[in-house]
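Okay, structure first, notes after.
Order of the sequence lines sets the chain letters (A, B, ...), proteins ahead of strands, with each chain counted from 1. Note that this is a predicted model, so its numbers are computed, not measured.
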Number of protein chains: 2
Amino acid sequence: MSTAAEAPPPAELPPTAWAVLGLLSFERELSGYDLKKWADNSLRFFYWSPAASQIYAELKRLERLGFVTSRIAAQDDLRNKRLFAITPAGLVAIRGWVQHAPVEPPMLKHGVALRAWLGHLADPARLREMVAEHRDNSAALAEEASNAAASAAITKGWEYPALVSRWSQRYFEAEQRLAAEMLNDLDELAATLGDARRRR
Amino acid sequence: MSTAAEAPPPAELPPTAWAVLGLLSFERELSGYDLKKWADNSLRFFYWSPAASQIYAELKRLERLGFVTSRIAAQDDLRNKRLFAITPAGLVAIRGWVQHAPVEPPMLKHGVALRAWLGHLADPARLREMVAEHRDNSAALAEEASNAAASAAITKGWEYPALVSRWSQRYFEAEQRLAAEMLNDLDELAATLGDARRRR
DNA sequence: GTAGAAATAGTTCTATTAGAACTATTCTCG
DNA sequence: CGAGAATAGTTCTAATAGAACTATTTCTAC
């Protein structure tokens, strides 16, 4: 039997639902389309970019749970849009999740690493090329994250997002450095394997 | 009209299919169960751990495409198992993929970062606790990756996987360092926000 | 000034992926 | 010998990514 003394467990929802609700905790009202844009600009780096389809599906569910409300707003004589806002119940729920839900381990999907792991199937020069490209992409992302951090820092209430953007920036800088080291390792290995082949 | 001069494009398959096929390019024959274990030990860090259900589904598809063959092997009088092996066509296909398929950008899902991004909804002490836990987990993973690198390094033909394990190790070390820096930033922000609140 | 391209807004469909659950046999150790 | 962990294999469901699709609107070139 359950007793009233137990703290209510945080509602069971996928991380995407909480990310969407979290976005709404910064703003008064947003449409699904706005949400997608905000997500792409803010969550992109350290977490991820939920697909538009996911955002719409989660909004539907959050509304059913009473965590958001929506209203139709006429923007001109022909088109309408649906604007969503977080409810007090939604605010309680997300606070509970941030503080009490078990934290899922970070997960990385790294296509370059997968290909390097299959290096015995590739031309060493081609492999080098892929890792070098990855290094340059990381540099570009570090730059973008730095800009995001700067623009978040000047907006009141966005101090934590700014912090996370800086975290991302450093993360991409590390990725860049690691790729450079990988290139050295790759060259060394190619030399060793090349020697062995020549000696045969 | 297609001409015979064009190089055949690499078969369109999800990364998981190539990872499974790649695993088979190291070994003679493996069962679905073996594959799952190998994947958990080798791909886990830098790429990911495909679910057992995915491995079985991909094996079915790879067999339909002629990239693997299977045979039933009796292990005792009651149980049988199906052993899979890569075919010459499979070897050609995966070489093509490793070298010529466009590389998907790395993607990260970071629950700790998501919660830090929603820091305005949490108790600063609880947030600190989560980041500190993440730092310690990263240290443990660095250790595991280091062990994986050492055991791969002594096996002939596993030079590239050993390289990737070392890459992972450094990656987790960087993650550990970044988490430590994040703790400082968090403390600074808490001080600033606390000051502002007190001044009011 | 108008045809066509690109951008904005919103939604739906499909395939991939993760993870839990489930069956069934065998090994282990108290 | 009995409980429970390990091995082997499969299936189901939910989450997720990404492409496609409809429909307006604004921009740009002729």
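- Remark: A/Glu29 engages A/Arg71 in a salt bridge, criterion side-chain N to carboxylate O under 4.0 Å.
- Distance A/Glu12 CD to D/dA15 C1': 13 Å, rounded to the nearest Å.
- Checked against ring-ring contact (aromatic ring centres under 6.0 Å, His included), A/Tyr160 has no partners two or more places apart in sequence or in another chain.
- In this structure, A/Leu30 places its CG atom 14 Å from C1' of C/dA9, rounding to the nearest Å.
- The distance between atom CG of B/Asp40 and atom P of D/dA6, rounded to the nearest whole Å, is 15 Å.
- The residues B/Arg126 and B/Glu129 are annotated as salt-bridged, a charged nitrogen and a carboxylate oxygen being separated by less than 4.0 angstrom.
- By the 4.0 Å N-to-carboxylate-O rule, A/Asp123 lies too far from B/Arg95 to be salt-bridged with it.
- Per the geometry, CD1 belonging to A/Ile55 stands 13 Å off P belonging to D/dG18, to the nearest Å.
- Salt-bridge annotation for A/Glu173 and A/Arg177: absent, with no side-chain N of the basic residue lying under 4.0 Å from a carboxylate O of the acidic one.
- Phosphate proximity of C/dA9 to A/Ser31: absent, as no side-chain N or O sits under 4.0 Å from OP1 or OP2.
- The overall bend of the helix from C/dG1-D/dC30 to C/dG30-D/dC1, read as the angle between its terminal helix axes built from five base pairs each, is 30° when rounded to 10 degrees.
- For A/Arg61 and A/Glu58, the salt-bridge test passes: some basic side-chain N is under 4.0 Å from an acidic carboxylate O.
- One can place OH of A/Tyr33 at 12 Å from C1' of C/dT11, the figure rounded to the nearest angstrom.
- Shown here are the side-chain contact (heavy atoms from CB on, under 4.5 Å) partners of A/Val103, two or more places apart in sequence or in another chain: B/Val112, B/Arg115, B/Met130.
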Next item on the list: Indicate for each nucleotide in nucleotides 12-21 of chain C, in 5' to 3' sequence, whether protein heavy atoms under 4.0 Å reach the base (B), only the sugar-phosphate (S), or nothing (-).
Entry: BB--SSBB--

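- In this structure, the CG atom of B/Leu35 is 11 Å from the P atom of D/dG9, given to the nearest Å.
- The salt bridge (Lys or Arg N to Asp or Glu O under 4.0 Å) contacts involving residues 138-162 of chain A comprise A/Arg44-A/Glu144, where partners must be two or more places apart or lie in separate chains.
- Residue pairs satisfying the salt bridge (Lys or Arg N to Asp or Glu O under 4.0 Å) criterion with at least one member in residues 14-28 of chain A, sequence neighbours excluded, are absent.
- The distance from atom CG of A/Asp34 to atom P of C/dT11 is 12 Å, rounded to the nearest whole Å.
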